[in-house]
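Only one structure is covered here, and it is reproduced in the block below.
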Amino acid sequence: MMTCRKTTQSLMPAVTKDVKQLNAGKYDIYPFASLGEGKINNGYRSLAQWIKNQSAVAIDGYIGNDWNGVRSELDEILSKEGLAINWIRTTDLLKTESEIEQLVKPFIGEKGEVWGRRASISLEDFFDSEKLSKNHLKQNAINISIGVGASLVNKDVPVIYIDLPKNELQYRMRAEKANNLGKQHRDDNQETYKRFYFVDWVVLNEYKSKILPSIDIIVDGQWTENISWAFFRNIREGLHYLSQNAFRVRPWFEAGAWGGQWMKENINGLNKDEINYAWSFEMIVPENGLVFESSGNLLEIAFDWLMMLQAKEVLGADESRFGIEFPIRFDFLDTFEGGNLSIQCHPRLKYIQDNFGETITQDETYYILDCKSDAKVYLGFQETIDPATFRKALEESVEKNEAIDIEKYVQKHDAHKHDLFLIPNGTIHSSGKNNLVLEISATPYIFTFKMYDWVRLDLNGKPRPINIEHAFKNLDFSRKGKKVQEELISKEAVIEKGDDWQIVHQPTHSEHFYDVHRLEFSGSMEVETNDKCHILMLVEGSSIIVETKNGFKTRYNYAETFAVPAAAGSYKITNESGDKAKVVKAFVK
Ligand SMILES: O=P(O)(O)OC[C@H]1O[C@@H](O)[C@@H](O)[C@@H](O)[C@@H]1O
């Protein structure tokens with residue numbers, strides 16, 4: 001049985017009795033939504049009982065699952081009952097490794113490059129059509145195809161789908177227990193992640209939405225000795241309920257070259273032995289999951305399922321524009337007692353579309369959730385900037401491995417709590433140390449063109465890739481001098497107020513497709529969704545209660561990200577703290 005994961009982070013507990021109960025006001029790293037009693041089962045035994053009554057089953061699922069482990073657990077139980085099983089492994093039906101390498105080549109760039117291009121192939125392309133179409137079925141046995149693509153083999157049979165959270169997939173990758181689709185040889189983690197991101201995840205998500213109508217059972221594959229499983233119809237009901245009310249995704253956390261100590265100190269349940277925490281995947285949905293609970297059992301599924309089934313309810317009017325792509329991302333960048341981020345920029349819209357196959361680009365903002373008195377944000381060029389001189393300085397710094405005086409070229413601004421720095425694509429920027437940045441951004445998150453990384457090493461002891469070439473194709477040199485203060489630091493204004501509440505607008509740049517409001521109140525506030533999804537966070541105060549008009553009621557604590565889908569219609573937020581509560585709300589313009 002595979003037990004390997006390489007991380008300092010704990011696995012999510014499989015049962016609620018192992019989840020530490022926290023007091024109000026404390027950030028909870030294991031948020032879940034309850035489905036009611038008896039909807040989630042635990043263990044292989046009960047799953048085997050269900051399989052026993054079928055004549056054929058496809059056990060399909062996401063990459064990174066321990067297929068051999070699942071097979072041997074089920075085989076043991078079923079054979080003890082005297083049942084004959086014909087196992088058909090999808091890995092035996094794939095094309096050869098070199099054929100698959102050719103297939104994915106156009107989408108993974110050169111070795112060493114950070115980015116590829118979103119794949120436009122499908123899962124069938126990975127299979128040898130002759131092997132796939134052969135009759136694999138046996139009489140007098142339960143025919144079970146197992147592995148990624150199992151329902152391509154055993155068509156029109158009940159489907160059990162094993163999902164796997166993206167953080168666990170990466171921990172398995174780092175332990176050399178998970179690899180890319182059809183790949184036997186190991187590459188380094190950066191290459192493997194690139195291929196996951198640009199090929200495997202794209203292909204598997206498309207396939208998942210195709211087979212969705214035939215899925216009967218969904219399994220959470222993150223635990224190795226055990227499983228949680230549920231009938232898909234119950235999960236669908238749960239997803240529908242979330243789409244009418246509010247939800248949090250399960251956040252996860254990563255250390256990094258410039259990471260800080262704020263999250264370690266303020267977020268319960270994180271391993272304190274980790275060197276630092278740089279990122280929180282608060283709500284970077286391509287990498288987050290939703291957790292359901294029933295009778296004390298937990299089961300996590302990828303966020304994608306919600307969008308595949310309920311995009312219209314979640315996004316309302318904006319569904320016609322974004323489809324099943326969730327447009328807004330929240331994450332933390334923690335540099336408290338850490339370092340500066342790299343000096344960087346993000347691609348222009350056309351560039352990300354033409355080169356990487358994305359649809360929207362990485363237009364960001366930095367909301368300062370907390371900071372020390374000396375904290376700074378690097379943003380925009382000095383009035384005197386000369387692109388050629390700047391480029392030469394950057395290139396020389398790489399060549400000679402020497403520090404440069406970046407402030408000669410880039411402006412440095414004081415950061416204060418609740419400031420909003422605007423970083424539309426092409427803008428040079430970086431967060432300095434001693435900030436806890438809440439990044440409110442368009443969803444893309446890996447398209448960072450680093451120009452200068454302070455001649456420092458990553459946690460693996462190697463310098464991080466620098467991409468001056470890409471950066472110079474995207475930098476906007478007109479964002480300089482006075483214009484930076486005027487256009488890239490949001491000027492807030494009160495746009496509505498009542499006795500004990502007000503709405504503060506923190507306008508974004510004209511290139512941002514989303515906007516930001518801050519709701520400030522002592523008692524409670526009614527908010528209309530106006531057919532838009534709201535992504536929110538309590539940024540001052542200890543906790544709030546959110547109630548939707550459908551009767552849903554829950555508590556959200558300081559620094560937790562939550563979303564209220566368009567279909568909720570309206571919701572009431574009540575302050576539980578002594579002082580004023582401040583809630584940041586982002587939404588598509
Ligand atoms: O390139 P480093 O220094 O790691 O900073 C990286 C971070 O920068 C921010 O502006 C965002 O773009 C993040 O998505 C990214 O992870």
Side-chain angles (χ1 to χ4, degrees), residues 114-115 166-167 170 189-190 193-194 197 251-260 263 275-288 327-336 338-348 351-352 356 358 360-369 376-380 394 397-398 406 410 413 415 420-460 462-468 470-471 474-475 479 488 508-509 512 561:
V114 184
W115 304 280
K166 296 282 193 349
N167 63 328
Q170 289 170 70
N189 291 340
Q190 189 184 312
Y193 178 84
K194 177 171 62 172
Y197 182 95
W252 60 283
F253 306 84
E254 277 282 286
W258 40 260
M263 291 197 270
I275 178 160
N276 64 46
Y277 290 100
W279 294 274
S280 145
F281 283 70
E282 269 309 294
M283 203 166 158
I284 307 185
V285 292
E287 302 218 20
N288 288 114
I328 296 177
R329 140 173 85 94
F330 272 28
D331 57 82
F332 290 138
L333 306 171
D334 178 357
T335 64
F336 251 77
N340 303 324
L341 266 60
S342 65
I343 299 287
Q344 53 184 271
C345 77
H346 303 302
R348 306 281 181 109
Y351 198 83
I352 204 170
F356 310 123
E358 293 284 328
I360 54 181
T361 195
Q362 200 167 324
D363 286 314
E364 300 179 339
T365 65
Y366 284 177
Y367 187 98
I368 307 298
L369 186 79
K376 310 278 180 207
V377 165
Y378 296 84
L379 185 68
L394 294 171
S397 157
V398 174
I406 200 73
V410 182
H413 308 267
L420 184 70
F421 293 92
L422 309 178
I423 313 169
N425 61 80
T427 309
I428 194 155
H429 68 282
S430 168
S431 163
K433 63 172 196 283
N434 290 336
N435 278 314
L436 194 277
V437 176
L438 159 61
E439 239 187 326
I440 303 178
S441 172
T443 295
Y445 55 110
I446 62 163
F447 300 93
T448 301
F449 302 146
K450 299 187 202 351
M451 281 162 268
Y452 180 60
D453 204 20
W454 314 92
V455 243
R456 100 188 117 193
L457 303 178
D458 204 353
L459 296 178
N460 59 13
K462 294 189 187 136
R464 305 193 301 167
I466 302 290
N467 294 96
I468 298 172
H470 276 307
N474 287 279
L475 280 171
R479 293 187 181 141
L488 300 179
T508 53
H509 189 268
H512 287 105
T561 303

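Fair warning: this is a prediction, and the values are worked out from it, not measured in the lab. Just follow the structure's listing: the first ligand is 1, and inside any ligand the first atom is 1.
In this structure, the protein non-hydrogen atom closest to atom 5 (O) of ligand 1 is Q344 NE2, 3.0 Å. Scanning the protein for heavy atoms near atom 12 (O) of ligand 1, the closest one is E364 OE2, 2.5 Å. Of all protein heavy atoms, the one lying nearest to atom 16 (O) of ligand 1 is W279 NE1, 2.8 Å. Nearest protein heavy-atom neighbour of atom 14 (O) of ligand 1: Y445 O, 3.2 Å.
Contact annotation: for L341 versus ligand 1, heavy atoms closer than 4.0 Å belong to both the backbone and the side chain. Contacts between R329 and ligand 1, counted as non-hydrogen atom pairs separated by less than 4.0 Å, involve the side chain only.
Of all atoms in ligand 1, numbered sequentially from 1 with element shown, those under 4.0 Å from a heavy atom of S342 are 1 (O), 2 (P), 3 (O). With ligand atoms numbered from 1 in the order given, ligand 1 contributes 10 (O), 12 (O) to contacts under 4.0 Å with heavy atoms of H346. Each of the following atoms of ligand 1 lies closer than 4.0 Å to a heavy atom of T448: 1 (O), 12 (O), 15 (C).
Partner of W279 under the ring-ring contact (aromatic ring centres under 6.0 Å, His included) criterion, out of W258, F332, F253: W258 alone.
Contact annotation: the side chain of E254 approaches that of F281 to within less than 4.5 Å [non-hydrogen atoms, C-beta and beyond].
At a 4.0 Å cut-off, at least one heavy atom of Y366 sits close enough to ligand 1 to count as contact.
Qualifying side-chain hydrogen bond (donor to acceptor under 3.5 Å, both in side chains) partners for N467, counting only residues two or more places apart in sequence or in other chains: none. Remark: Y366 pairs with H429 by the ring pair (Phe, Tyr, Trp, His ring centres under 6.0 Å) rule, at least two apart or across chains.
Closest heavy-atom approach to atom 3 (O) of ligand 1 among the candidates R464, K450, E439: R464.
Here the CG-CG distance, from N425 to L475, works out to 11.0 Å after rounding to the nearest 0.5 Å.
Here the two rings, on W454 and Y452, have centers that are under 6.0 Å apart. Remark: aromatic rings of Y351 and H470 are close, center separation under 6.0 Å.
Looking at ligand 1, you'll find an N or O of Q362 within less than 3.5 Å of one of its N or O atoms.
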